[in-house]
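In what follows, a single structure is set out as structure tokens and then discussed.
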2 protein chains.
Amino acid sequence: MRADAERNRKRVLEVALETFAAEGLSVPVAEIARRAGVGTGTVSRHFPTKDSLYEAIVLHLVAEIVDRARQLAATRDPGAAFFEFFALLVEHSAVNLGLSQAMSGTGFDVHSVALAPEHNLLAVEEELLVGAQKAGAVRPDVVPADVKALMVGCLAREQQGSDPEARKRMIDLACAGLRAQR
Amino acid sequence: MRADAERNRKRVLEVALETFAAEGLSVPVAEIARRAGVGTGTVSRHFPTKDSLYEAIVLHLVAEIVDRARQLAATRDPGAAFFEFFALLVEHSAVNLGLSQAMSGTGFDVHSVALAPEHNLLAVEEELLVGAQKAGAVRPDVVPADVKALMVGCLAREQQGSDPEARKRMIDLACAGLRAQR
DNA sequence: CTACAATCGGGACAGTTGTCCCGCTTGGTC
DNA sequence: GACCAAGCGGGACAACTGTCCCGATTGTAG
């Protein structure tokens with residue numbers, strides 16, 4: 001690959017990352033190109049469809065989160081690992097509008113492209129959930145889809161006035177619901 | 001107003017109601033017109049913009065819910081009134097994709113047009129919330145936006161496999177989080 | 001330095017959708 | 001039954017966006 005092509009590819013990816021994070025996934029491709037200082041043709045050669053641009057960005061972020069989740073699973077007791085993972089996921093998504101939309105399934109379906117083990121958020125989430133349930137830390141009747149829905153709720157909270165305190169409280173509310181009653 | 005005009009207006013409203021409920025707010029206006037057996041011009045004369053069509057439909061639904069909420073406030077103790085209201089809101093929205101989207105703020109902002117007392121969901125929600133908090137049934141640090149976010153979470157649950165049991169569990173999870181710990 | 005192939009820029013194109021307008025039709029009254 | 005304004009149908013128009021292509025440019029091997 002030619003040096004300038006490589007440079008352009010990275011630049012587009014970089015600009016797209018921060019633009020999607022700040023303004024969401026609905027920003028036009030032409031706008032990404034403009035901010036990156038390239039033509040639309042250049043973007044569409046490196047990323048033939050908008051989805052492929054989403055993929056390149058979101059999968060990278062997801063891989064990071066999955067990695068952190070596995071670390072948690074290895075170093076914490078099952079209950080703490082699960083709740084810390086939940087908070088981590090929300091915190092990450094809350095500061096990145098694009099990721100938040102992908103997680104909420106608005107505009108891009110993460111899970112249909114994130115099947116490789118290093119991207120499989122669903123699998124690692126289920127792993128942590130089941131572990132926490134076996135340890136008696138989470139209600140036994142909860143399923144992964146419930147957890148995801150609560151996460152979407154936390155992210156929805158961000159859209160109406162976002163401050164760290166509200167975010168913490170919101171995570172706390174969700175976790176309190178999930179916790180096994182004694 | 002001419003009789004046929006009145007008839008057409010009602011027919012459009014009726015078709016739009018069920019179409020939005022079944023397929024969401026993104027159905028094109030032309031499709032509504034087609035199903036109602038009228039031209040697009042007829043729709044746009046009665047409802048100059050798509051938003052005005054949303055308004056006519058959603059405000060009607062919201063008015064019903066607000067009414068039910070006031071009944072609950074009058075006939076139940078504050079805690080029960082609040083939790084029953086929450087469940088009611090979710091149940092109503094769950095079976096109506098359009099309402100669900102409006103409640104989640106996806107495609108239409110209910111609260112900016114629902115300011116009249118009989119439509120003011122926000123006001124009645126706050127009323128019930130504060131009552132429940134004073135009675136010690138709900139955590140005192142919760143604010144209305146938190147409740148709305150949890151509701152959005154419940155509605156998000158519907159999008160990934162919807163069955164009555166899961167819905168009940170999801171409402172239960174959310175309410176458990178809101179409840180004051182002892 | 002030269003030549004050529006890879007790459008680039010940006011405009012063309014197609015598909016969607018909301019809004020508006022105009023010529024024709026029809027309901028309701030005299 | 002006739003008249004005319006209210007109302008209708010549906011096509012025109014504009015705005016937006018994703019995708020593709022072509023002529024111009026530029027990096028790089030020899």
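Letters A, B, ... mirror the listed sequences (proteins, then strands); counts begin at 1. Only heavy atoms go into these numbers, but all of them, side chains included; no hydrogens, no water, no symmetry mates.
The nearest whole Å value for the distance from the CZ atom in A:F47 to the P atom in D:dC20 is 15 Å. The CZ atom of B:R9 sits 12 Å away from the P atom of D:dC8 (whole-angstrom rounding). Computed from coordinates, the B:R34 CZ to D:dG11 P distance equals 14 Å when rounded to whole Å. Summarising the geometry, the separation between CG on A:L53 and P on D:dT19 is reported as 10 Å, rounded to the nearest angstrom. Separating the CZ atom of A:R7 from the C1' atom of C:dC8 is a distance of 12 Å, rounded to the nearest angstrom. The separation between B:R11 atom CZ and D:dG7 atom C1' is 18 Å, rounded to whole Å. Remark: P of C:dG28 and CD of B:E6 are 12 Å apart, rounded to the nearest angstrom.
A donor and an acceptor atom, one from each side chain of B:T19 and B:E23, are nowhere located under 3.5 Å apart.
Counting only heavy atoms from C-beta outward, the side chains of B:Q101 and B:L97 approach each other to under 4.5 Å. Using a 4.5 Å cut-off on side-chain heavy atoms (C-beta onward), B:Y54 and B:V110 make no contact.
Of the candidate nucleotides C:dA5, D:dA6, C:dT19, C:dA5 has the atom lying nearest to any side-chain atom of A:R2. Of the candidates D:dG7, C:dG28, C:dA5, C:dG28 carries the atom nearest the B:A3 side chain, counting heavy atoms from C-beta on. Nearest to the side chain of B:S44, among C:dA5, C:dC20, D:dG18, sits C:dC20.
For the pair B:N8 and D:dG7, the criterion of a side-chain N or O lying under 4.0 Å from OP1 or OP2 is not met. The side chain of B:R45 contributes an N or O atom lying less than 4.0 Å from OP1 or OP2 of D:dC8. The shortest distance between the side-chain N/O atoms of A:H46 and the OP1/OP2 oxygens of C:dC8 is below 4.0 Å.
Cation-pi geometry between B:R179 and B:F83 is met: the NZ or CZ atom falls under 6.0 Å from the ring centre, inside 45° of the normal.
Both B:S26 and B:M1 sit near DNA chain C, but only B:S26 has its closest nucleotide nearer the 5' end. Between A:D4 and B:K50, the one whose closest nucleotide on DNA chain C sits nearer the 5' end is A:D4. Where A:G41 and A:L25 each meet DNA chain D at their nearest nucleotide, the meeting point lying more 5' is that of A:L25.
Between the side chain of A:T40 and the base of C:dG9, no donor-acceptor pair of N or O atoms lies under 3.5 Å. Under 3.5 Å, the side chain of B:T42 and the base of D:dG7 form no donor-acceptor pair of N or O atoms.
A side chain to side chain contact (heavy atoms under 4.5 Å, CB included) with A:F108 is found for one member of A:E55, A:M103, A:K50 and no other, namely A:E55.
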